[in-house]
Amino acid sequence: MVKQPSAVASPDLRARAFVRARSCAQPLADYPGAIPTSLAEAYSIQEEAIRRWPDVVAGWKIGRINAPWTEPLGTDRLAGPVFRKHVHQAVAGLAMPIFVGGFGAVEGEVVLVLGRDVAPDQSRWTHEEAAAVVGSARLGIEVASSPLGAINDLGPLVTISDFGNNNGLVLGPALDVKAALAGDYAFETRIDGALVGSATATSIPGGPVESLRALLDICSARGLALPAGTLVSTGAVTGVHVVNPGQAAAVTVLGVGTIECELVAARVNDAPSAAA
């Protein structure tokens, strides 16, 4: 585990460090300052980093918060931005960058697309209210990657502070909204052709709709509006599968289709083209 520095860094300096490391495709050997100790502090670092990143937010990834963090933090979900230039339509030979010397993984996900604008004026959402704002659903692959190799070992507050550990989203074929929200689809994930996980989205507590509901609460608390068309990547259905550059990942939804990507080393100022 990375040793926590004794010096206290402002959210600005920590955000600068993550933005610089990602822009320069350079690994971080240690967390760049004092590790955040609250959700408010972690999200303040993330928000400063978003302001510094030269792109707009197209959506959000939702990740799990597991024990022993769930009880002290009072939540089992975290959120991170997905930038427009990191969103791709699934095509043959698609290359997705991960940080060499950092952390890299792929996750098969249900991606929900908001059908209307959501203002940050409702503090608590129900499952029924959350489901009602969904316009469509897609099969997706989240590419989780960070310059900080120990990001997952250091806990969810560190994950939040570095863009939620997101570095891209691949969008595949449409899913039926009702079935997607219910978690009915069966997923399979393969790395280099070998099956590494299979499950339905009910493997995520509360399923995709609970992830969306949690995001709506998080964004309301942060004063963030969500425009129609916002993408919501709702969580790793078959698990978080660690990958390295040179490997290939494929996620299948039985009866719907398969999407694939090849993992490559992130480059300096790596800025993929926006999705069509």
Side-chain angles (χ1 to χ4, degrees), residues 39 42-43 46 57-67 69-70 73-82 86-87 96 103-114 125 127 130-131 133-134 136-146 151-152 155-160 162-172 175-189 196-219 226 230-243 249 251-254 256 259 261:
L39 288 169
Y43 281 119
Q46 183 189 107
V57 175
W60 297 89
K61 62 80 59 82
I62 302 298
R64 288 282 310 283
I65 295 177
N66 297 310
W69 297 94
T70 309
L73 295 179
T75 181
D76 67 350
R77 296 294 203 275
L78 61 82
V82 179
H86 291 166
V87 178
M96 296 295 289
F103 176 85
V106 294
E107 306 170 8
E109 312 222 353
V110 172
V111 179
L112 303 177
V113 186
L114 300 192
W125 288 75
H127 278 206
V133 306
V134 177
S136 59
R138 306 277 294 271
L139 167 60
I141 295 176
E142 182 195 353
V143 176
S145 190
S146 167
I151 186 167
N152 282 354
L157 298 177
V158 166
T159 299
I160 290 168
D162 183 24
F163 294 106
N165 197 15
N166 178 266
N167 202 47
L169 182 64
V170 181
L171 296 176
L175 303 176
D176 176 78
V177 171
K178 184 176 179 180
L181 290 172
D184 289 344
Y185 286 109
F187 280 63
E188 293 181 347
T189 303
V196 294
S198 59
T200 67
T202 57
S203 64
I204 303 169
V209 70
E210 171 58 19
S211 292
L212 173 60
R213 190 208 64 75
L215 175 67
L216 296 174
D217 280 357
I218 291 167
C219 289
L226 299 174
T230 295
L231 304 168
V232 183
S233 194
T234 59
V237 174
T238 68
V240 177
H241 306 290
V242 174
V243 289
V251 174
T252 299
V253 165
L254 301 184
V256 175
I259 57 177
C261 66

Are any non-hydrogen side-chain atoms of Asp184 and Thr200 less than 4.5 angstrom apart?
no
Does the side chain of Leu78 reach to within under 4.5 Å of the side chain of Tyr43, using non-hydrogen atoms?
yes
Val209 and Val134: side-chain contact (heavy atoms from CB on, under 4.5 Å), yes or no, with the steps?
CA-CA 9 Å; Val209 70; Val134 177; over 6 Å; no
For the student: nearest non-hydrogen atoms of Cys261 and Ile141, plus distance:
SG-CD1, 4.4 Å
With a 4.5 Å cut-off on side-chain heavy atoms, are Pro205 and Arg64 touching?
yes
For Thr75, which residues count as a side chain to side chain donor-acceptor pair (under 3.5 Å) partner, sequence neighbours excluded?
none
Could you tell me whether the side chain of Glu210 and the main chain of Ile204 form a donor-acceptor pair under 3.5 Å?
no
By side chain to side chain contact (heavy atoms under 4.5 Å, CB included), which residues pair with Ala236, not counting sequence neighbours?
Glu107, Glu109, Val240
Pairwise distance CH2(Trp60) to CG(Leu226) - rounded to 0.5 angstrom:
8.0 Å
Taking Asn166 for the side chain and Glu142 for the main chain, is one N or O donor matched with an acceptor at less than 3.5 Å?
no
Name all residues meeting the side chain to side chain donor-acceptor pair (under 3.5 Å) criterion together with Ser198; count only those two or more places apart in sequence or in a different chain, and write none if there are none.
none
Contact check, side chains of Val251 and Val170, non-hydrogen atoms, under 4.5 Å
no
Here the pair of heavy atoms bringing Ala201 nearest to Val110 is CB-CG2, 4.2 Å
Mind listing the closest non-hydrogen atom pair of Ala180 and Ala137 along with its distance?
CB-CB, 3.8 Å
Mind checking the CG-CD1 spacing from Leu39 to Ile160? Nearest 0.5 Å is all I need.
5.0 Å
Would you indicate whether the side-chain heavy atoms of Thr234 and Ile62 approach each other to under 4.5 Å?
no
Nearest heavy atoms of Thr230 and Gly59, plus distance in Å
CG2-CA, 3.9 Å
Trace of the side-chain contact (heavy atoms from CB on, under 4.5 Å) decision for Glu188 with Thr238:
CA-CA 7 Å; Glu188 293 181 347; Thr238 68; 6.0 Å; no
CZ/Phe103 to CG/Asn152 distance, rounded to the nearest 0.5 angstrom?
4.5 Å
Looking at every non-hydrogen atom in both residues, tell me the closest pair between Val111 and Gly140 and how far apart they are.
CG2-CA, 3.9 Å
Between Val237 and Tyr185, is there a side-chain heavy-atom distance shorter than 4.5 Å?
no
Which value, rounded to the nearest 0.5 Å, describes the distance between Trp125 atom CH2 and Leu212 atom CG?
8.5 Å
On a heavy-atom basis, which atom in Val177 and which in Ser136 lie closest, and how many Å separate them?
CG2-CA, 3.5 Å
Could you state the interatomic distance from CG (Leu169) to NE2 (His86), rounded to the nearest 0.5 Å?
11.5 Å
Distance check, rounded to the nearest 0.5 Å: Thr159 atom OG1 versus Gln46 atom CD?
10.5 Å
